[in-house]
Amino acid sequence: MRLLIATGGTGGHIYPALALADAAKERYSDIEILFVGNDDRMEATEVPAQGYSFVGLHACGLTGSLINKTKAILLMMKAYKKALHIIDEFKPDITIGFGGYVSAPVMLAAHKRKIKTMIHEQNSIVGVSNKLVSRYMDAIVVCYEKCFNEFGREKTKLLGNPRASKAVETKFNENYYKSLGLSLNKPLILIVMGSLGSSSVNEILKDVLPQIDSKYQILFVTGKKNYEEMKTVFNQPNIFVVDYVKQLDIIQKVDLMICRAGATTAAEITALGTPSILIPSPYVAANHQFFNANALVEKKAAYLIEEKDLNAQVLSEKITAIMDHPAVKEEMHQCALALGTPNASSDILDWCDELKKVK
């Protein structure tokens, strides 16, 4: 089995791709995997750090002025030609694109070479690259029913995000949990606003966290950018402030998560049934985090607070409504589980096997 994976730009594209690659290594004894991504974005360091072969292309998004868009088109054409050479050399059995603008030329090159192709859409709003190439693809995997409106159902399946599989397969790390200062005997509220954190949300948390009942412990992950400012703000012994956490190592013990609504986060919390208060980032393409969050809210799996509506009173009320009412928390847990796709990686690889058999 020779698998080529195209992905890049953000963790929302990269980490599901890595999760699927890990699952493929477990399944196939003879697997060879090659990643292709941007040569100047996080995948250029993150993918090799995980032990995978990586080839970089130079591409950029179709945004901004006419000059910028023209430059992007020229770069895409150059990337497409390089992608053809990569495919000719690697000779993949199947090529899977996880989005990001760099994936488009790779997927089109694979189609040109008559390689079986699959794209994976993590969000409820279809990304530009996946929209561009979808008509040429053999298979399309989505994580939200809403995406059928864009792709149709003929060659599209709702199989979910490989990060969901990663979440259920990762064992709780008790030693790591205790190293954070946390007690196994207290309910845990985990607060994570993305890898960089959010200065605006942090200001509200300064007022909210000290008000939370001390019978609950709070792990507040500030992100590296905000850690120095926030680490000395709270004096309460039940509040623990860190700049980073290995989330999957502890998420099985989380009673409530307050977080953004990126695709990876949504996949993980639904796979494990973690009750959540979602505060979507308003600074993402097509406001897709709002729609990701709304899909959970409609099924009673989460609460949603838009950042424009966020204040200390609103957030405090939502926390209390969940943590002080076990029946509410249990209902959210069950509803989240019902949305989860813990077998996503296995199901996607099953489809890859089917595609390989079709000549």
Student: Would you kindly confirm whether Met118 and Ile14 end up in one hydrophobic cluster when ILVMFWY residues are joined by side chain heavy atoms under 4.5 Å apart?
Tutor: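 Yes, Met118 and Ile14 fall within the same hydrophobic cluster.
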
Student: Atom CG in Leu355, atom CD1 in Ile94: separation rounded to 0.5 Å?
Tutor: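 Taking CG in Leu355 and CD1 in Ile94, the distance rounds to 4.5 Å.
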
Student: Can you see whether Asn161 engages Tyr144 through a side-chain donor-acceptor pair at a distance of less than 3.5 angstrom?
Tutor: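 No, no side-chain donor-acceptor contact under 3.5 Å.
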
Student: Under a 3.5 Å distance rule, please check whether Tyr244 uses its side chain to pair with a backbone N or O of Thr222 as donor and acceptor.
Tutor: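 A pair under 3.5 Å: no.
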
Student: Val141 and Phe291: same hydrophobic cluster, using ILVMFWY side-chain contacts below 4.5 Å?
Tutor: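 Different clusters: Val141 never reaches Phe291 through Ile, Leu, Val, Met, Phe, Trp or Tyr contacts under 4.5 Å.
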
Student: Under 3.5 Å, which donor-acceptor pairs do the side chains of residues 178-185 form with other protein atoms, sequence neighbours left out?
Tutor:
residue, atom, partner, partner atom, Å
Lys178, NZ, Glu174, OE2, 2.8
Ser179, OG, Tyr176, O, 2.6
Ser183, OG, Asn185, N, 3.0

Student: Should the pair Arg153-Glu145 be classified as a salt bridge under the 4.0 Å nitrogen-to-oxygen rule?
Tutor: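 A salt bridge links Arg153 with Glu145.
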
Student: Are the side chain of Glu306 and the backbone N or O of Pro280 linked by a donor-acceptor pair below 3.5 Å?
Tutor: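 Not a single qualifying donor-acceptor pair exists.
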
Student: Can you tell me how far the CG atom of Leu75 sits from the CG atom of Leu57, to the nearest 0.5 Å?
Tutor: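 Going from CG on Leu75 over to CG on Leu57, the span is 10.5 Å.
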
Student: Quick one: which of Ile115, Ile33, Val106 gives a side-chain contact (heavy atoms from CB on, under 4.5 Å) with Leu4?
Tutor: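 With Leu4 as partner, side-chain contact (heavy atoms from CB on, under 4.5 Å) holds for just one option, Val106.
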
Student: With side-chain contact (heavy atoms from CB on, under 4.5 Å) as the test, pick out the partner of Gln122 among Pro16, Cys147, Pro162.
Tutor: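 Among Pro16, Cys147, Pro162, the one that satisfies the side-chain contact (heavy atoms from CB on, under 4.5 Å) with Gln122 is Pro16.
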
Student: Check the side chains of Ser200 and Glu307 for a donor-acceptor pair under 3.5 angstrom, ignoring hydrogens and angles.
Tutor: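 Yes.
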
Student: Taking atom types as modelled, find out whether Asn238 and Ser214 have a side-chain donor-acceptor pair closer than 3.5 angstrom.
Tutor: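 Distance-only check fails for Asn238 and Ser214.
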
Student: Heavy atoms only: give me the nearest Ala286-Ile125 pair and the separation to one decimal.
Tutor: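 Closest heavy-atom pair between Ala286 and Ile125: CB-CG2, 3.7 Å.
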
Student: How about NZ on Lys112, more than 12 heavy atoms from neighbouring residues, nucleotides or ligands closer than 6.0 Å, or not?
Tutor: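 Counting neighbours around NZ of Lys112, 12 or fewer heavy atoms of other residues, nucleotides or ligands fall under 6.0 Å, so no.
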
Student: Name all residues meeting the ring-ring contact (aromatic ring centres under 6.0 Å, His included) criterion together with Tyr303; count only those two or more places apart in sequence or in a different chain, and write none if there are none.
Tutor: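 Partners of Tyr303 under the ring-ring contact (aromatic ring centres under 6.0 Å, His included) test: none.
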
Student: Looking at Leu132 and Ala104, what are the two nearest heavy atoms and their distance?
Tutor: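 Reported closest heavy-atom pair: CD2-CB, 4.1 Å.
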
Student: Looking only at heavy atoms, which two atoms of Ala17 and Ile5 are closest? And how far apart?
Tutor: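 Where Ala17 meets Ile5 most closely, the heavy atoms are CB-CG2, 3.7 Å.
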
Student: Which residues satisfy the side chain to side chain donor-acceptor pair (under 3.5 Å) test with Gln217, sequence neighbours excluded?
Tutor: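 Per chain and number, Gln217 pairs via side chain to side chain donor-acceptor pair (under 3.5 Å) with Tyr177.
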
Student: Out of curiosity, does Val233 fall in the hydrophobic cluster containing Ile319 (side-chain heavy atoms, cut-off under 4.5 Å, transitive links)?
Tutor: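 Cluster IDs for Ile319 and Val233 match.
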
Student: If we count only N and O atoms by modelled type, under 3.5 Å, do the side chains of Asn294 and Glu298 hold a donor and an acceptor together?
Tutor: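 Present: a donor and an acceptor within the cut-off.
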
Student: Measure from the side-chain N and O atoms of Ser276 to the backbone N and O of Ile258, and report whether any donor-acceptor pair falls under 3.5 Å.
Tutor: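 Between the backbone of Ile258 and the side chain of Ser276 there is no qualifying donor-acceptor contact (under 3.5 Å).
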
Student: Under a 4.5 Å cut-off applied to non-hydrogen side-chain atoms, are Phe290 and Leu278 in contact?
Tutor: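 When only atoms from C-beta onward are counted, Leu278 and Phe290 do not touch, as no gap falls below 4.5 Å.
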
Student: Should we say atom CD of Glu26 is surrounded by more than 12 heavy atoms from elsewhere, each under 6.0 Å from it?
Tutor: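 Result for CD/Glu26: open.
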
Student: Between the side chain of Asp213 and the main-chain N/O of Lys215, is any donor-acceptor distance below 3.5 Å?
Tutor: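 Yes.
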
Student: Please report the closest heavy-atom contact between Asn130 and Gly97, naming both atoms and the distance.
Tutor: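 Heavy atoms of Asn130 and Gly97 come nearest at OD1-O, 4.5 Å.
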
Student: Applying side chain to side chain contact (heavy atoms under 4.5 Å, CB included) to Phe148 and Val142, what does each step give before you reach the verdict?
Tutor: CA-CA 8 Å; Phe148 286 115; Val142 299; 4.2 Å; yes

Student: Closest heavy-atom contact between Tyr28 and Asp353?
Tutor: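 Taking every non-hydrogen atom into account, OH-OD1, 2.7 Å.
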
Student: Do Asp255 and Lys186 sit within salt-bridge range, that is, some charged N less than 4.0 Å from a carboxylate O?
Tutor: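 A salt bridge is absent here (no side-chain N lies under 4.0 Å from a carboxylate O).
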
Student: Among side-chain atoms of Ser346 and Arg27, is any donor-acceptor pair under 3.5 angstrom?
Tutor: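 A donor-acceptor contact under 3.5 Å links the two side chains.
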
Student: Which distance, rounded to the nearest 0.5 Å, do you find between the CZ of Phe151 and the CG of Leu158?
Tutor: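 Output value for this atom pair is 11.5 Å.
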
Student: How long is the gap from CG on Leu20 to NZ on Lys25, to the nearest 0.5 Å?
Tutor: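 If I round to the nearest 0.5 Å, the distance is 12.5 Å.
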
Student: I want to check something: taking the side chain as every heavy atom from C-beta on, are Lys116 and Lys356 in contact at a cut-off of under 4.5 Å?
Tutor: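 Of all side-chain heavy-atom pairs linking Lys356 with Lys116, none is under 4.5 Å.
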
Student: Under the criterion side chain to side chain contact (heavy atoms under 4.5 Å, CB included), I'd like the reasoning laid out for Lys166 against Tyr15: C-alpha separation, chi angles, the key distance, then a yes or no.
Tutor: CA-CA 10 Å; Lys166 196 78 171 178; Tyr15 294 124; over 6 Å; no

Student: Roughly how far apart are Ile251 CD1 and Glu268 CD, rounded to 0.5 Å?
Tutor: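 Interatomic distance, Ile251 CD1 to Glu268 CD, rounded to 0.5 Å: 5.5 Å.
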
Student: Does Glu150 use its side chain to pair, donor to acceptor, with the backbone of Val126 at less than 3.5 Å?
Tutor: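 Not a single qualifying donor-acceptor pair exists.
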
Student: Any link between Ile305 and Val297 through a network of hydrophobic side chains (Ile, Leu, Val, Met, Phe, Trp, Tyr) touching at under 4.5 Å?
Tutor: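 Per the 4.5 Å side-chain linkage, Ile305 and Val297 are not co-clustered.
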
Student: Within the distance-only criterion (no hydrogens, no angle test), does the side chain of Lys253 pair as donor or acceptor with the backbone N or O of Ile250 below 3.5 angstrom?
Tutor: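 Not confirmed, Lys253 side chain does not pair with Ile250 backbone.
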
Student: Taking side chain to side chain donor-acceptor pair (under 3.5 Å) as the definition, give me every residue that meets it alongside Glu317, ordered by chain and number, with sequence neighbours left out.
Tutor: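 Listed in chain order: Gln313.
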
Student: Pair Ser134, Ile140 - check side chain to side chain contact (heavy atoms under 4.5 Å, CB included), show working.
Tutor: CA-CA 7 Å; Ser134 61; Ile140 301 171; 4.0 Å; yes

Student: With a 6.0 Å cut-off on the ring centroids, do Phe54 and Phe35 count as close?
Tutor: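 Distance test on ring centres: not under 6.0 Å, no.
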
Student: Test of understanding: clusters of I, L, V, M, F, W, Y form through side-chain heavy atoms closer than 4.5 Å, transitively. Do Ile239 and Val201 belong to the same one?
Tutor: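 Linked within one cluster.
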
Student: Check whether any side-chain N or O of His13 sits under 3.5 Å from a backbone N or O of Thr10 as a donor-acceptor pair, and report yes or no.
Tutor: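 Judged by distance alone, no pair lies under 3.5 Å.
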
Student: Measure the CD-CG distance between Gln247 and Leu219 for me, rounded to the nearest 0.5 Å.
Tutor: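 If I round to the nearest 0.5 Å, the distance is 9.5 Å.
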
Student: Please identify each residue that fulfils side-chain contact (heavy atoms from CB on, under 4.5 Å) with Thr265, with sequence neighbours left out.
Tutor: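 Residues passing side-chain contact (heavy atoms from CB on, under 4.5 Å) with Thr265: Met257, Cys259, Ile269.
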
Student: Residues in side chain to side chain donor-acceptor pair (under 3.5 Å) with Glu32, at least two apart?
Tutor: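 Once residues adjacent in sequence are excluded, the partners of Glu32 under the side chain to side chain donor-acceptor pair (under 3.5 Å) criterion are Arg2.
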
Student: Any carboxylate oxygen within less than 4.0 angstrom of a Lys/Arg side-chain nitrogen, looking at Lys155 and Asp138?
Tutor: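 Result for this pair is no, no salt bridge flagged.
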
Student: Looking only at heavy atoms, what is the nearest atom pair of Gly37 and Val102, with distance?
Tutor: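 Result for this residue pair: C-CG2, 3.7 Å.
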
Student: Could you check whether any side-chain N or O of His333 sits under 3.5 Å from a backbone N or O of Gly273, counting only pairs where one atom can act as donor and the other as acceptor?
Tutor: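 It does hold such a pair.
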
Student: Ring centres under 6.0 Å, that's the criterion: do His120 and Phe98 meet it?
Tutor: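 So the answer is yes for these two rings.
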
Student: Please check: side-chain N/O of His325 versus main-chain N/O of Ala321, any donor-acceptor pairing under 3.5 Å?
Tutor: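 Here the side-chain-to-backbone pair exists.
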
Student: Step by step, work out the side chain to side chain contact (heavy atoms under 4.5 Å, CB included) result for Val55 and Leu34.
Tutor: CA-CA 8 Å; Val55 177; Leu34 175 65; 3.8 Å; yes

Student: Under 3.5 Å, is there a donor-acceptor pair between the side chain of Asp243 and the main chain of Gly223?
Tutor: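 Looks like no, no N/O pair under 3.5 Å.
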
